[in-house]
Amino acid sequence: PNVNLAKYLPNMCLQMDFYRKFLVSVFWWPVIFLLALLFWVGWHGGSLLIHRLSREWKTARTSSDSSVFIEKPSGVVGFGLRRRLYKGVVLLLVFFHNTICTVVFSLFDCSEEYDTQGSRYDGGSGSTQYLMVDMSITCHDSLYRSYKAGAYAGVAFYAGVIPLLFLVVLRRRDSNGFLARPLEFLVHELNPETWWFEVLALVFRIVFTGVVLFIKDVSFRLVVGQLL
């Protein structure tokens, strides 16, 4: 599925240029992952503290009704919360992965060079390229180069590390049930010997929507797109 995160943002309150859209697309999932992790650590730590205090309170009680006190299996409850948080974070990544990759790869798609000799758009070389998704952004200034360096890191993570992790987790899903459970819907309708198909489809979407943008010749890019 291709879910466009930006269209769900309040456009009347938040006017986003492409750079802001890029930052939101790249960093929202790691931020949610860290928040979920911190929430679970805080909740689990609080549960352990309450459990410890309750045990001390139970030990200190000397009345006959102390046997009525029931200890809650905080470990089991904590595991259930961790499982739900993990499943939600992974599913968000699966649903928005294609959109994230599209935004990241768009930062490499610049126009042909325009002659800007002597104009205010001249970056010093006499010609200027513009970002295709936002023609107000030039592809030669220092700000663009900074974001481009970040885009390389985004490509390595979202287009390289994530599909590889999905592949490893699904391949070992029988022995890593906890890690593979949020991804089981990807292989539910497949034959056991073709469990890798959805990961291959994910890589295909990455190549089709992103990698082809590295082909500078537009005509050849269209040919490759047609072949794919």
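Side-chain atoms are counted along with the backbone in the values below, which use heavy atoms only and exclude waters and symmetry mates.
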Aromatic centroids of [Y] and [X] separated by under 6.0 Å:
X      : Y      : value
Tyr152 : Phe108 : yes
Tyr86  : Phe178 : yes
Phe96  : Trp28  : yes

From CA spacing to verdict: side-chain contact (heavy atoms from CB on, under 4.5 Å), Leu167, Trp195: CA-CA 9 Å; Leu167 186 68; Trp195 59 268; 3.6 Å; yes

Hydrophobic cluster identity match, Val199 and Val161, side-chain contacts under 4.5 Å: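 Linked, Val199 and Val161 end up in one cluster.
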
Distance, nearest 0.5 Å, that separates SG of Cys139 from CG of Leu107: 8.0 Å

Gap between atom NZ of Lys87 and atom CD of Glu184 - 0.5 Å precision: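 Glu184 atom CD to Lys87 atom NZ measures 8.5 Å (nearest 0.5 Å).
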
Other residues, nucleotides, ligands: >12 heavy atoms within 6.0 Å of Phe18 CZ: yes

More than 12 heavy atoms of other groups within 6.0 Å of Phe185 CZ: yes

Trace of the side-chain contact (heavy atoms from CB on, under 4.5 Å) decision for Ile137 with Asp134: CA-CA 6 Å; Ile137 298 176; Asp134 189 344; 3.7 Å; yes

4.5 Å side-chain heavy-atom contact, Leu93 and Phe166: yes

Heavy-atom closest pair, residues Leu91 and Pro182: CD2-O, 3.5 Å

Donor-acceptor pair, side chain of Thr102 and main chain of Asn98, under 3.5 angstrom: yes

Side chain Asp17, main chain Arg20, donor-acceptor under 3.5 Å: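 Yes, the answer is positive, given that a donor and an acceptor are paired below the 3.5 Å cut-off.
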
Steps toward side-chain contact (heavy atoms from CB on, under 4.5 Å) verdict (Val26, Phe157): CA-CA 10 Å; Val26 171; Phe157 179 72; over 6 Å; no

Verdict with reasoning, Tyr158 to Ile206, per side-chain contact (heavy atoms from CB on, under 4.5 Å): CA-CA 9 Å; Tyr158 287 106; Ile206 292 173; over 6 Å; no

